[in-house]
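Labels below follow one simple rule: chain letters A, B, ... track the order of the sequence lines, proteins then strands, and each chain is numbered from 1.
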Protein chains: 2
Amino acid sequence: MTNRKYKPGKIRERNSENILAAAEQEFVLHGFKGTSMQAVADRAGVAKANIHYYFKNKDNLYLALLENIIANWNEVLADMSEESDPADVLSRFIRTKIRLSYTHPNASKIFAMEIIQGAPYLKSHISQAMRQWVKDKSTIIQSWIDQGKIRAIDPTHLIFLIWSATQHYADFDTQVLEVTNKRQYEEDDIEHIGDFLEDIILAGCGLKPPPKVNLP
Amino acid sequence: MTNRKYKPGKIRERNSENILAAAEQEFVLHGFKGTSMQAVADRAGVAKANIHYYFKNKDNLYLALLENIIANWNEVLADMSEESDPADVLSRFIRTKIRLSYTHPNASKIFAMEIIQGAPYLKSHISQAMRQWVKDKSTIIQSWIDQGKIRAIDPTHLIFLIWSATQHYADFDTQVLEVTNKRQYEEDDIEHIGDFLEDIILAGCGLKPPPKVNLP
DNA sequence: GTCTATATCCGGATAGAC
DNA sequence: GTCTATCCGGATATAGAC
């Protein structure tokens with residue numbers, strides 16, 4: 001029954017968030033088709049019919065999750081420009097994405113599975129908003145190359161490289177943790193991974209001092 | 001009915017391969033739970049009951065696919081040693097994996113989804129065979145560092161970097177192709193991606209001539 | 001070896017009492 | 001807003017004729 005004494009809108013909000021959190025877990029573990037509304041309901045602690053009350057159907061529930069995920073990523077690199085310092089921008093790009101993988105691993109995984117399966121729900125978003133985003137950022141990186149600020153490398157593939165290298169730690173955490181024999185990531189690991197990727201990618205772009213190695 | 005005149009064993013083999021190929025497609029498109037035996041049967045052009053005759057149940061069919069996939073990867077880097085030339089080994093590693101992503105994208109995708117969902121069927125393989133593989137290769141890379149052949153970087157994370165950067169083009173091909181506005185990869189694309197990744201990663205390891213960039 | 005038919009169960013979705 | 005009961009389609013798996 002509705003507890004009218006305590007802010008009516010808050011109940012809806014709290015239930016809605018519980019359901020979304022439960023759905024996130026289930027979709028990661030079993031995929032879209034493999035997730036049952038019953039399992040989501042059990043995990044969220046509500047009756048199955050209530051999920052339909054809040055989200056109409058399974059598609060809508062899934063889409064609500066995807067929208068949350070995309071919204072979170074729109075802040076990344078919002079402020080980069082042709083005048084920016086490349087080393088600074090790339091460093092922040094890498095570290096922001098690594099931190100997102102650490103704080104929102106499930107979001108990254110759901111997005112990954114959606115793309116791997118052919119992006120049935122996100123294809124239009126990718127070919128529009130995301131393509132434009134990559135185009136904009138690539139243009140700025142190209143301008144850095146033209147200014148001699150960084151080495152001549154393909155800007156689009158540089159973006160793909162940073163995406164893949166950082167998301168790997170969220171999407172494949174099971175593999176990374178098993179191989180490195182850890183139970184979960186610690187703050188130190190995140191720091192170390194950020195250092196490693198910044199070091200090797202900035203060096204790859206010619207943004208680090210010359211290496212101390214005997215070249216052939 | 002069995003056509004006894006023409007090599008009885010071959011029929012079993014051909015059907016088995018058809019079913020595996022069809023299952024690969026379906027598992028990629030819909031995930032493990034989302035794939036129906038009926039859909040696999042239709043795609044393979046056999047009756048549903050025959051799949052159970054050949055593979056007993058859905059789990060076995062999936063496991064047969066996973067074993068094929070893993071067997072394919074065991075050739076990679078089989079011959080690297082402490083005496084090898086790092087630039088040569090890393091270059092071949094990168095290009096072999098890119099080519100595998102090009103020739104067997106579905107294998108990569110099924111493996112990726114399995115890991116993302118927590119590796120329910122492969123966890124033991126990862127914590128045993130795969131962990132040992134990474135340990136062995138990391139030891140060799142570390143010896144290169146000790147010999148001054150390459151810059152001091154974390155060997156394990158270098159392996160993760162190459163894995164993630166190369167597999168990205170198979171697993172996220174939908175995203176890559178939509179963003180770059182192509183319908184499918186061409187030979188030239190594979191060449192270009194190989195060049196890009198070899199260039200930036202070898203430079204990151206200090207295996208390329210000093211960059212022509214104004215350092216701060 | 002291959003097919004049809006069927007047993008058995010579980011999924012999403014909704015009706016309707018409270 | 002929340003719950004129980006239920007509809008109905010579709011899933012895995014198997015039995016048994018051919």
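By the ring pair (Phe, Tyr, Trp, His ring centres under 6.0 Å) test, H125(B) pairs with no residue at all, sequence neighbours left out. For F32(A), the ring pair (Phe, Tyr, Trp, His ring centres under 6.0 Å) partners at least two apart in sequence or on another chain are F27(A), Y62(A), Y121(A).
Within the structure, side-chain hydrogen bond (donor to acceptor under 3.5 Å, both in side chains) pairs that include any residue of residues 66-75 of chain B do not occur (at least two apart or interchain).
Contacts with DNA chain D (heavy atom under 4.0 Å) in residues 44-58 of chain B: K48(B), A49(B), H52(B), N57(B), K58(B), listed by number. Sorted by residue number, the members of residues 20-36 of chain A with any non-hydrogen atom under 4.0 Å from DNA chain C read T35(A), S36(A).
A rotation axis mapping the C1' atoms of four pairs onto the next four is fitted at both ends of the helix from dG1(C)-dC18(D) to dC18(C)-dG1(D) over five pairs, and the angle between these axes is 0° to 10 degrees.
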**Study point:** Trace of the salt bridge (charged side-chain N to carboxylate O under 4.0 Å, His left out) decision for R99(A) with E187(A)
**Key:** CA-CA 10 Å; R99(A) 193 143 291 276; E187(A) 266 293 330; 3.3 Å; yes

Check your understanding: Given R92(B) and D79(B), is the salt bridge (charged side-chain N to carboxylate O under 4.0 Å, His left out) satisfied, shown in steps?
Key -> CA-CA 11 Å; R92(B) 275 191 302 120; D79(B) 60 342; 3.6 Å; yes

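Aromatic rings of Y169(A) and H157(B) (six-membered ring for Trp) have centroids within the 6.0 Å cut-off, being under it.
Going from atom CG of N60(A) over to atom C1' of dA13(C) covers 13 Å, rounded to whole Å.
D173(B) and K109(B) are joined by a salt bridge, as a carboxylate oxygen and a charged side-chain nitrogen come within less than 4.0 angstrom of each other. Look at D195(A) and R95(A) and you find a salt bridge, because one of the NZ, NE, NH1 or NH2 atoms lies within 4.0 Å of a carboxylate O, short of that distance.
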